[in-house]
Amino acid sequence: MSLPNPDNRPLLIGPPTGPEAPFPFRMEGEVISGFGRGSKELGIPTANLPVDDENTWIKNIDSGIYFGWASLKLPASHPNSVLYQKPPTSEPVMMEPVQQQQQNQQQQQKQEGGVESAQQEKLVDQQSGQWQIYPMVMSIGYNPFYKNTVRSAEVHVLGEFAADFYGVGMRLLITGFIRNEKDYSGLEALIADIHFDCEVARQSLARKGWRVRELGVKEGEEEGELDGSWLVR
Ligand code: ADP
Ligand code: RBF
Ligand code: MG
């Protein structure tokens with residue numbers, strides 16, 4: 001793929017051997033609502049993390065655009081979860097009698113239990129989630145283009161999601177710094193730069209010194225050498 005690159009930015013950050021000190025950084029939080037500016041409509045949804053006073057990491061990190069790995073603890077009910085099982089459709093499906101009996105029982109229990117058991121189910125669902133790793137780009141700072149007065153931390157996960165994941169636990173392994181935040185004369189230039197950031201992350205992280213071991217080996221690839229165990233613990 002060839003992207004417009006008017007500023008002649010490099011596509012690879014750092015040496016092939018892997019992240020350089022002080023990287024990698026670790027961060028963790030639950031995905032919250034952001035500014036609601038319609039980043040999703042621009043094709044660049046960003047999962048926001050809380051930036052409060054207790055979160056000392058955010059105070060101590062320079063503003064800018066970073067890249068690395070994100071891990072999401074997707075509940076089994078999320079369509080992208082590896083544990084996800086499609087809900088029964090309205091079409092009649094053939095079922096084994098025992099399975100049918102169990103399902104009827106479960107449905108009845110749900111009706112009898114009311115709100116309390118629905119909450120219980122949500123809790124169990126969140127606990128039963130499984131960490132899933134994706135490459136990511138993130139922005140930390142004041143978004144000069146929007147002149148924010150509060151500092152934010154937002155992550156664009158490089159993956160396709162069939163549903164939102166607000167409230168889900170997210171862990172980050174930040175492997176490097178891409179660039180400073182910029183102001184732009186128009187939205188298009190901002191979007192073009194973000195698309196380039198995504199490509200920088202994809203290509204930089206594809207190198208074996210930067211790929212986390214926990215992703216396993218894909219055909220034609222060497223095993224990653226970066227320790228990502230914290231992302232799935
Ligand atoms: P908000 O202003 O609430 O952050 P966005 O338009 O930035 O709204 O959308 C962010 C939400 O979109 C995330 O919280 C997440 O639930 C969902 N989402 C879907 N795909 C992605 C993705 N690839 N990266 C980040 N968030 C995504
Ligand atoms: N906002 C800025 O004002 N300046 C930037 O240079 C900038 N770079 C970004 C890079 C990435 C990878 C991401 C995910 C966001 C960036 N943002 C930046 C934040 C952006 O303005 C915000 O996500 C908007 O909501 C997008 O419409
Ligand atoms: Mg957002």
Side-chain angles (χ1 to χ4, degrees), residues 3-15 18-72 133-159 165-166 168-205 210 226 228 230-231:
L3 284 169
N5 186 11
D7 299 330
N8 208 13
R9 297 174 45 189
L11 266 167
L12 292 175
I13 306 256
E20 289 176 300
F23 295 101
F25 297 147
R26 297 169 181 189
M27 292 177 184
E28 181 169 19
E30 275 173 23
V31 177
I32 54 165
S33 289
F35 297 102
R37 268 190 207 120
S39 316
K40 207 179 283 170
E41 285 71 32
L42 300 174
I44 318 164
T46 58
N48 290 62
L49 283 177
V51 180
D52 44 48
D53 290 338
E54 286 149 52
N55 258 336
T56 45
W57 62 261
I58 189 90
K59 283 191 284 190
N60 298 334
I61 192 169
D62 289 339
S63 292
I65 314 308
Y66 295 83
F67 73 103
W69 299 100
S71 187
L72 292 169
I133 305 176
Y134 305 87
M136 65 87 184
V137 277
M138 75 179 295
S139 156
I140 297 175
Y142 293 92
N143 299 179
F145 181 70
Y146 290 100
K147 303 186 171 49
N148 290 350
T149 53
V150 288
R151 207 149 179 256
S152 65
E154 43 179 327
V155 177
H156 176 57
V157 183
L158 298 172
F165 44 85
Y166 288 106
V168 164
M170 179 160 73
R171 285 186 184 166
L172 304 176
L173 192 67
I174 301 173
T175 53
F177 180 84
I178 302 184
R179 61 178 175 88
N180 288 312
E181 290 187 290
K182 281 173 62 182
D183 196 357
Y184 296 87
S185 51
L187 191 56
E188 255 132 80
L190 167 65
I191 294 173
D193 254 357
I194 298 180
H195 284 161
F196 200 86
D197 298 329
C198 294
E199 203 47 32
V200 168
R202 276 192 208 98
Q203 295 202 20
S204 297
L205 293 170
W210 294 72
L226 189 62
W230 177 75
L231 289 170

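Values reported hereafter were calculated over all heavy atoms of this structure, with side chains retained and with hydrogens, waters and symmetry mates removed.
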(request) Report yes or no: is the cationic atom of Arg37 (NZ for Lys, CZ for Arg) closer than 6.0 Å to the six-membered ring centre of Tyr146, at no more than 45° off its axis? (result) yes

(request) State plainly whether the residues Arg179 and Asp7 are in salt-bridge range, i.e. N to O under 4.0 Å. (result) no

(request) Take Leu158 and Leu205 through the side-chain contact (heavy atoms from CB on, under 4.5 Å) test and state the conclusion after the steps. (result) CA-CA 11 Å; Leu158 298 172; Leu205 293 170; 5.8 Å; no

(request) Any chance you could measure Phe67, atom CZ, to Ile13, atom CD1, to the nearest 0.5 Å? (result) 5.5 Å

(message) Using a 3.5 Å distance criterion without hydrogens, assess whether the side chain of Trp210 forms a donor-acceptor pair with backbone atoms of Gln203.
(response) no

(message) Can you confirm whether Leu190 sits close enough to Leu42 that some side-chain heavy atom of one is under 4.5 Å from a side-chain heavy atom of the other?
(response) no

(request) Kindly compute the distance separating CD1 (Ile174) from CZ (Phe23), expressed to the nearest 0.5 Å. (result) 7.5 Å

(request) Would you give the length of the straight line joining atom CD of Glu181 to atom CG of Asp62, rounded to the nearest 0.5 angstrom? (result) 11.0 Å

(request) Please list, chain by chain and in numerical order, all residues satisfying ring-ring contact (aromatic ring centres under 6.0 Å, His included) with Phe177, sequence neighbours excluded. (result) Tyr66

(request) Drop me the distance from Ser204's OG to Glu199's CD, to the nearest 0.5 angstrom. (result) 9.5 Å

(message) Run the side-chain contact (heavy atoms from CB on, under 4.5 Å) test on Glu28 and Leu172 for me, step by step, so that the C-alpha distance in whole Å, both residues' side-chain angles and the decisive distance to 0.1 Å come before the verdict.
(response) CA-CA 6 Å; Glu28 181 169 19; Leu172 304 176; over 6 Å; no

(request) Tell me, with the steps shown, if Val150 and Val51 meet side-chain contact (heavy atoms from CB on, under 4.5 Å). (result) CA-CA 9 Å; Val150 288; Val51 180; over 6 Å; no

(message) Looking at every heavy atom in both Asn143 and Phe35, which two are closest together, and how far apart are they?
(response) OD1-CE1, 4.4 Å

(request) Kindly write out the residues that satisfy side-chain hydrogen bond (donor to acceptor under 3.5 Å, both in side chains) with Tyr134, not counting sequence neighbours, or none if the list is empty. (result) Gln132

(request) Locate the shortest heavy-atom distance separating Thr175 from Gly68; write the atom from each residue and the value. (result) OG1-CA, 3.3 Å

(message) I want to check something: taking the side chain as every heavy atom from C-beta on, are Tyr166 and Ser33 in contact at a cut-off of under 4.5 Å?
(response) yes

(message) So, taking the atom named CD1 in Ile65 and the one named CG in Asp197, what distance separates them when rounded to the nearest 0.5 Å?
(response) 6.0 Å

(message) For Tyr142 and Arg151: C-alpha separation, side-chain torsions, deciding distance, then whether side-chain contact (heavy atoms from CB on, under 4.5 Å) applies.
(response) CA-CA 5 Å; Tyr142 293 92; Arg151 207 149 179 256; 3.7 Å; yes

(message) Return the CD1 to CZ distance between Ile61 and Phe25, rounded to the nearest 0.5 Å.
(response) 5.0 Å

(request) List the atom of Asp183, the atom of Pro144, and the distance in Å for their closest heavy-atom pair. (result) OD1-O, 3.8 Å

(message) Testing the basics here: between Gly141 and Ser63, what is the closest heavy-atom pair and its distance to 0.1 Å?
(response) CA-OG, 3.5 Å

(message) With heavy-atom distances below 4.5 Å as the criterion, would you say the side chains of Leu173 and Arg26 are in contact?
(response) yes

(message) So does Asn48 get a backbone contact from the side chain of Glu154, meaning a donor-acceptor N/O pair under 3.5 Å?
(response) no

(request) Compare all side-chain heavy atoms of Ser71 with those of Met170 and state whether any distance is below 4.5 angstrom. (result) no

(request) Can you see which heavy atom on Met138 is nearest to which on Ala153, and at what distance? (result) CE-CB, 4.3 Å

(message) Please give me the minimum heavy-atom distance between His156 and Cys198, naming the atom from each residue.
(response) CD2-SG, 3.7 Å

